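Each residue takes its place number in the sequence, starting with 1. Keep in mind it's a predicted model, so treat the numbers as computed, not measured.
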Amino acid sequence: GGVNTAADIYSALGTGGSIGGSLGSFDSGLQLLSKLGSSDFQTILASKGYEPFGDSDKSGIGDFIIGSRYKWKDQQVGPGLWKAAFEGRITLPTGGLSKPSELVGTDFGSGAYSVMIGHNTSLRLNGRWENRATEPVPLVGSSINRFLERIELFHNIAFTQNFPYQRIRRIRTSPGDFLPDASTEEPVTIALGNSWMQSFGASYDINPTLSFIAQLDWMFKNKDQILTGGPDTTRASYLAEGTDGQLKTLQLSVCASSIGSFLRGKSPIPGDLTLTWSQPLAGKNQLLTPYGLAELALYF
């Protein structure tokens, strides 16, 4: 079994609901959370029209994303080869959303139409590996040149605009209503906060197939807006608390690509295999959890 910290806090501070105001709401919340994990809590959930807690195994279709990129710069400059491109992406909310009765339900999509616009730029030092996808790379010249020509510096920035959408939510009738029942369900208009993302980094080509990448990511997200029907449209504003945030992350990756060898006729399938370690450095209202990720992309 797990440890229910709320039960310990309630045992030390709880007063059985004998105080009022904000402290009374806090006390009521502790009473409820102190039952978490017990059969009493499952009974409370059922009485409020919620689905019981338990193991879950679900699958579904996520949002559909379509995008494009326009390269406007590809030229040799002093230190190397400079490339720059604009990109855009549209997200269609095809992913299903959880029901109001699911306290820990899984959303397979965002629910909102969104548009992302961004700009990517990179500098390949000395510019000697720009044709590595179509021809072998001769390692000639001085040792420092052989080292520099394997390095690429890059910077990416993107802005995402989310458009309002409607969803059924349960809206509390008072600050102490921690589990609104099914009678409080109503459509709300949700405008997810717009966000900025930018990355700085560098890659080092160990050989024409294997690369090492290090990058620093910054993400900034504005607060969501959640509006109910009139006359008081702010009754659900409490649901938007803590939805703004920021996150700074260091990512270290190793990428094995067969694209170059495929274009040279030496590999049957073009693709990338990337192993990434993501280490959060700082954040607000975000999960600061390091994780590893393996990604396989095949192109047809």
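Residues Arg170 and Asp177 are not paired through a salt bridge, judged by the lack of any N-O separation under 4.0 Å between the basic side chain and the carboxylate. A salt bridge links Glu51 with Lys99; the closest basic N to acidic carboxylate O contact falls under 4.0 Å. Between Glu186 and Arg235 there is a salt bridge, with a side-chain nitrogen of the basic residue lying less than 4.0 Å from a carboxylate oxygen of the acidic one.
In summary, the aromatic rings of Phe159 and Trp196 are positioned with their centroids under 6.0 Å apart. Ring pair Phe262/Tyr299: centre-to-centre distance not below 6.0 Å. Between Tyr291 and Trp277, the ring center distance fails the sub-6.0 Å criterion.
At least one side-chain heavy atom of Ile44 sits less than 4.5 Å from a side-chain heavy atom of Leu179. Using a 4.5 Å cut-off on side-chain heavy atoms (C-beta onward), Thr249 and Leu216 make no contact. A heavy-atom distance below 4.5 Å is found between the side chains of Asp74 and Leu81. Under the 4.5 Å side-chain criterion, counting only non-hydrogen atoms from C-beta, Val115 is not in contact with Thr160. The shortest side-chain heavy-atom distance between Thr276 and Leu252 does not fall under the 4.5 Å cut-off. The shortest distance between side-chain heavy atoms of Asn120 and Glu87 falls below 4.5 Å. Ser211 places none of its side-chain heavy atoms less than 4.5 Å from the side chain of Ile206. Side-chain contact between Thr106 and Ser98 is absent, with no heavy-atom pair separated by less than 4.5 Å.
Between the side chain of Thr274 and the backbone N or O of Cys255 there is no donor-acceptor pair closer than 3.5 Å. Panel note: side chain Ser261, backbone Lys266; no donor-acceptor pair is recorded below 3.5 Å. The backbone N or O of Thr243 sits less than 3.5 Å from a side-chain atom of Lys221, completing a donor-acceptor pair. Counting only distance, with no hydrogens or angles, the side chain of Asn285 and the backbone of Asp244 share a donor-acceptor pair below 3.5 Å. Of the possible polar contacts, one joining the Gln76 side chain to the Gly80 backbone as a donor-acceptor pair under 3.5 Å is found.
In plain terms, the two heavy atoms of Pro79 and Leu123 that are nearest each other are CG-CD2, 3.9 Å. Heavy atoms only, all atoms of each residue included: Ile151 and Leu153 are closest at CG2-CD2, 4.1 Å. Taking each heavy atom of Gly245 and Gln286 in turn, the nearest pair found is CA-NE2, 4.2 Å. Considering every non-hydrogen atom in both Pro93 and Gly111, the closest pair reads CB-C, 3.5 Å. Between Ala236 and Ile171, the closest heavy-atom pair is CB-CD1, 3.6 Å.
The hydrophobic clustering, which links ILVMFWY residues whose side-chain heavy atoms are closer than 4.5 Å, places Ile90 and Phe64 together. Connection of Ile213 to Leu275 is not established within any shared hydrophobic cluster, with ILVMFWY side chains joined at heavy-atom distances below 4.5 Å, either directly or through further cluster members. With hydrophobic clusters built from ILVMFWY side chains whose heavy atoms lie under 4.5 angstrom apart, Leu227 does not share a cluster with Tyr113. Cluster annotation: Leu273 is connected to Ile269 through the hydrophobic network of ILVMFWY side chains, with a link wherever side-chain heavy atoms come within less than 4.5 Å. Cluster membership for Phe154 and Trp218, using ILVMFWY side-chain heavy atoms within less than 4.5 angstrom, is not shared.
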Next item on the list: I would like to know whether Arg124 and Ser203 meet side chain to side chain donor-acceptor pair (under 3.5 Å); could you show each step before the answer?
Entry: CA-CA 9 Å; Arg124 166 70 60 177; Ser203 65; 4.8 Å; no

Notebook entry, point to check: What do the steps show when you test Phe212 against Asp205 for side-chain contact (heavy atoms from CB on, under 4.5 Å), and what is the final call?
Noted result: CA-CA 6 Å; Phe212 174 76; Asp205 294 324; over 6 Å; no

Next item on the list: Would you please test Gln75 and Lys83 for side-chain contact (heavy atoms from CB on, under 4.5 Å) and show each step?
Entry: CA-CA 7 Å; Gln75 71 178 47; Lys83 295 183 179 182; over 6 Å; no

Margin query: Tyr50 vs Asp181, test: side chain to side chain donor-acceptor pair (under 3.5 Å). Steps then yes/no.
Written below: CA-CA 8 Å; Tyr50 290 95; Asp181 60 29; over 6 Å; no

Next item on the list: Apply side-chain contact (heavy atoms from CB on, under 4.5 Å) to the pair Thr189 and Thr233, showing each step before the final yes or no.
Entry: CA-CA 10 Å; Thr189 299; Thr233 60; over 6 Å; no

Next item on the list: Dump the intermediate steps for side chain to side chain donor-acceptor pair (under 3.5 Å) on Ser122 and Glu152, then the final yes or no.
Entry: CA-CA 7 Å; Ser122 66; Glu152 184 173 32; 3.2 Å; yes

Next item on the list: List the steps and the verdict of side-chain contact (heavy atoms from CB on, under 4.5 Å) for Ile157 and Met197.
Entry: CA-CA 6 Å; Ile157 188 169; Met197 169 71 81; over 6 Å; no

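Other residues, nucleotides and ligands place more than 12 heavy atoms under 6.0 Å from the CG atom of Leu296. Counting non-hydrogen atoms of other residues, nucleotides and ligands closer than 6.0 Å to CD of Gln198 gives a total above 12. The 12-atom threshold is exceeded at CZ of Phe108, counting heavy atoms of other residues, nucleotides or ligands nearer than 6.0 Å. Atom CD1 of Ile66 sits in a sparse spot, with 12 or fewer heavy atoms from other residues, nucleotides or ligands closer than 6.0 Å.
Note: Ser195 OG to Leu247 CG = 12.0 Å, rounded to the nearest 0.5 Å. Within the model, atoms CG of Leu97 and CD1 of Ile190 stand 8.5 Å from one another, a figure rounded to the nearest 0.5 Å. Separation of atoms CG (Asn162) and CE (Met116) is listed at 12.0 Å; rounding is to 0.5 Å. A distance of 12.0 Å separates NZ of Lys71 from OG1 of Thr121, quoted to the nearest 0.5 Å. Considering NZ of Lys48 and OG of Ser101, their distance stands at 14.5 Å, rounded to 0.5 Å. Here the straight-line distance linking atom CG of Leu293 with atom OG of Ser278 works out to 8.5 Å at 0.5 Å rounding.
Of the N and O atoms on the side chains of Asp217 and Ser199, at least one donor lies less than 3.5 Å from an acceptor on the other residue. For the residue pair Asp232 and Thr234, a side-chain donor N or O sits within less than 3.5 Å of a side-chain acceptor on the partner. For the residue pair Asp63/Thr94, the side-chain donor-acceptor check at 3.5 Å is not satisfied.
Cation-pi contact between Arg172 and Tyr238: present, with separation from the ring centre below 6.0 Å and deviation from the ring axis of at most 45°.
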